[in-house]
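Report on the following structure.
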Amino acid sequence: MDRTGIADELNAWFSREARPLPWRDPEISPWAVLVSEFMLQQTQVERVLPRWVAWMERWPTPSALAADPPGEAVRAWDRLGYPRRALWLHQAAVEITERHGDQVPSDIDALLALTGVGPYTARAVATFAFGERHPVVDTNTRRVIARAVHGRAAAGMPAARDLDDMAELLPNTPAAAAVFNAAAMELGAIVCTARAPRCGVCPIAQLCEWRGSGYPENAPTKRPKQARFEGSDRQARGRVMAALRAAEGPVARAELLAAAVSDVGPGDSAQAERAVASLLSDGLVVVTGDALRLP
DNA sequence: ATCCAGGAAT
DNA sequence: ATTCCGGGAT
């Protein structure tokens, strides 16, 4: 495998074509990088941008966020989805304030110990905020490696092997390695996309095993299928959260149960109860008297 | 219908 | 190892 070829070509391409995202500014704080990584979990760049800007304006440090109630984080999260991330980010801010003197740690294990920080986010922060040399593997990078290196149409299930694959491609210097991690993600996000890869503009098309072998239909069949969103409990939860964000203060339980139900559909009272119960369990909703509010 | 800068709970 | 968790875009 042409290890240095892929890294050299992708890094050169990245220097020309990378989107000018604010969290890639070399002067940005580690906290700003951490916030971006939380928001970018399962959420595209375009949707994150405005919320990230507002968030950093309001909470420029971990301690600033920790000083506000978690419900304010949930409200500012707006419609980014997976609102537990907002709760987790607030909790991580508390932990950073209490355990690390208001400074985001650079150590992988210290990062992994933070609420809501997993294998991807820990390495992303250590690499992009602190310039350390680690393999950073997200869904884009897994697909790029699956195609370019393994000659497969798509990546399989996430595995520990993914980190080893990326580590083998990583340039030696920390600076070049950090750029390459970002470049592999960027390529997957805007060129080597899941549905319609734009191989005509790909900087490593000549090195790509999948292209070289004629685009075989060899995608792994293991991938779990996502449940439909329409009519789901997740949709009902989303409606409850939207009602709570829109309200100034507490909302009557009956009003929230009504909000959980579609405006037009017949309504599923059991599902509405389930939604509120699970939100209470997650800590996204708390009880005050006979009403409910954000934490 | 499928995908998305994932992580936690089980 | 599976399941759950939003919501927007294609």
Side-chain angles (χ1 to χ4, degrees), chain A residues 14 18-19 21-24 32-52 74 77-89 91-92 111-129 134-144 153-160 162-163 166 178 181-190 192-198 219 222-245 260 271 274-275 277-279 281-285:
Chain A
F14 187 77
R19 295 166 291 182
L21 304 178
W23 45 83
R24 288 176 177 161
V33 173
L34 180 66
V35 172
S36 77
E37 295 299 346
F38 264 84
M39 291 185 171
L40 287 163
Q41 291 168 7
Q42 293 286 284
T43 310
Q44 294 87 340
V45 165
E46 297 72 29
R47 295 177 54 201
V48 165
L49 270 169
R51 282 60 183 268
W52 180 86
V74 173
W77 199 256
D78 198 27
R79 311 190 77 177
L80 279 178
Y82 294 147
R84 289 186 298 186
R85 291 183 292 166
L87 222 45
W88 292 340
L89 179 53
Q91 179 59 30
L111 286 162
L112 285 171
L114 298 173
T115 300
V117 174
Y120 165 77
T121 303
R123 288 171 180 80
V125 170
T127 298
F128 302 137
H134 302 282
V136 182
V137 177
D138 76 331
T139 187
N140 291 306
T141 294
R142 295 196 323 107
R143 184 176 53 255
V144 168
M157 297 286 290
D162 299 338
L163 286 177
M166 190 57 177
N181 277 307
M185 283 190 285
E186 187 80 346
L187 188 78
I190 68 181
C192 193
T193 55
R195 294 175 180 166
R198 303 164 54 216
K222 289 293 296 176
R223 305 202 58 176
K225 56 259 171 251
Q226 181 169 314
R228 78 181 284 108
F229 179 64
E230 194 65 31
S232 67
D233 284 12
R234 291 158 71 173
Q235 185 179 42
R237 282 169 54 107
R239 291 196 179 106
V240 172
M241 292 308 297
L244 281 168
R245 287 195 308 268
Q271 181 178 62
R274 216 156 50 232
S278 70
L279 290 169
S281 173
D282 285 344
L284 283 163
V285 176

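Given the structure is predicted, the values throughout are model-derived calculations rather than measurements. Side-chain atoms are counted along with the backbone in the values below, which use heavy atoms only and exclude waters and symmetry mates. A, B, ... follow the sequence lines: proteins, then strands. Residue 1 opens every chain.
- If you measure from atom CD of A:Gln44 to atom C1' of C:dT10, you get 10 Å, rounded to the nearest angstrom.
- Nucleic acid contact for A:Gly81: base, since at least one base atom lies under 4.0 Å from a heavy atom of the residue.
- Looking at A:Thr121, its side chain has no donor and acceptor atom pair within 3.5 Å of the base of B:dG7.
- Rounded to a whole angstrom, the distance from the P atom of B:dT10 to that of C:dG6 is 16 Å.
- The listed nucleotides are B:dC3, C:dG6, B:dA5; the one nearest the side chain of A:Ala194 is B:dC3.
- When heavy atoms are screened at a 4.0 angstrom cut-off, A:Val45 is found touching no nucleic acid atom at all.
- In this structure, a donor-acceptor pair under 3.5 Å is present between the side chains of A:Ser278 and A:Arg237.
- A straight line from CG of A:Asp282 to C1' of B:dT10 spans 14 Å, rounded to a whole angstrom.
- Within 4.0 Å (heavy atoms only), A:Leu112 reaches no atom of the nucleic acid at all.
- Counting heavy atoms from C-beta outward, A:Glu46 and A:Arg19 have side chains that approach closer than 4.5 Å.
- For A:Gln41 and C:dG8, the CD to C1' distance is 17 Å, given to the nearest whole Å.
- Ion pairing between A:Arg123 and A:Glu37 fails under the 4.0 Å rule for side-chain N and carboxylate O.
- Counting atom types as modelled, A:Arg24 pairs a side-chain N or O with a base atom of B:dA5 as donor and acceptor under 3.5 Å.
- Counting any heavy atom pair closer than 4.0 Å across all strands shown, A:Arg79 reaches sugar-phosphate atoms only and no base atom.
- Between A:Leu187 atom CG and B:dA5 atom C1' there is a gap of 14 Å when expressed in whole angstrom units.
- The nearest whole Å value for the distance from the CZ atom in A:Phe229 to the P atom in C:dT3 is 20 Å.
- The nearest heavy atom of DNA chain C to A:Pro83 and to A:Lys225 marks one nucleotide each, and the one closer to the 5' end goes with A:Lys225.
- When heavy atoms are screened at a 4.0 angstrom cut-off, A:Thr43 is found touching base atoms of the nucleic acid.
- A:Thr43 and A:Arg85 are linked by a side-chain donor-acceptor pair at a separation below 3.5 angstrom, with hydrogens and angles left out of the test.
- Considering only side-chain N and O atoms, A:Arg84 lies nowhere under 4.0 angstrom from the phosphate OP1 or OP2 of B:dG7.
- Between the base of B:dC4 and the side chain of A:Gln42 there is no donor-acceptor pair shorter than 3.5 Å.
- Residue-to-nucleotide contacts include no donor-acceptor pair under 3.5 Å from the side chain of A:Tyr120 to the base of B:dG6.
- Per the geometry, CZ belonging to A:Arg143 stands 9 Å off P belonging to B:dC3, to the nearest Å.
- Taking atom OH of A:Tyr82 as the reference point, atom P of C:dG7 lies 10 Å away to the nearest angstrom.
- Across every non-hydrogen atom of A:Gln42 and A:Tyr82, the tightest pair is CB-CE1, 3.8 Å.
- Looking at heavy-atom distances under 4.0 Å, A:Pro158 makes no contact with the nucleic acid at all.
- A donor and an acceptor atom never sit less than 3.5 Å apart when one is taken from the side chain of A:Gln226 and the other from the base of B:dG6.
- To the nearest angstrom, P of C:dA9 lies 12 Å from CG of A:Leu80.
- Contact annotation for A:Trp23: base contact, defined as any heavy-atom pair under 4.0 Å involving a base atom.
- Residue A:Arg228 is the one, among A:Arg228 and A:Leu21, whose nearest nucleotide of DNA chain B lies closer to the 5' end (criterion: closest heavy atom).
- Nucleotides C:dT10 and B:dA5, compared at atom P, are 13 Å apart to the nearest Å.
- You'll find the side chain of A:Met166 stays beyond 4.5 Å of the side chain of A:Leu163, heavy atoms only.
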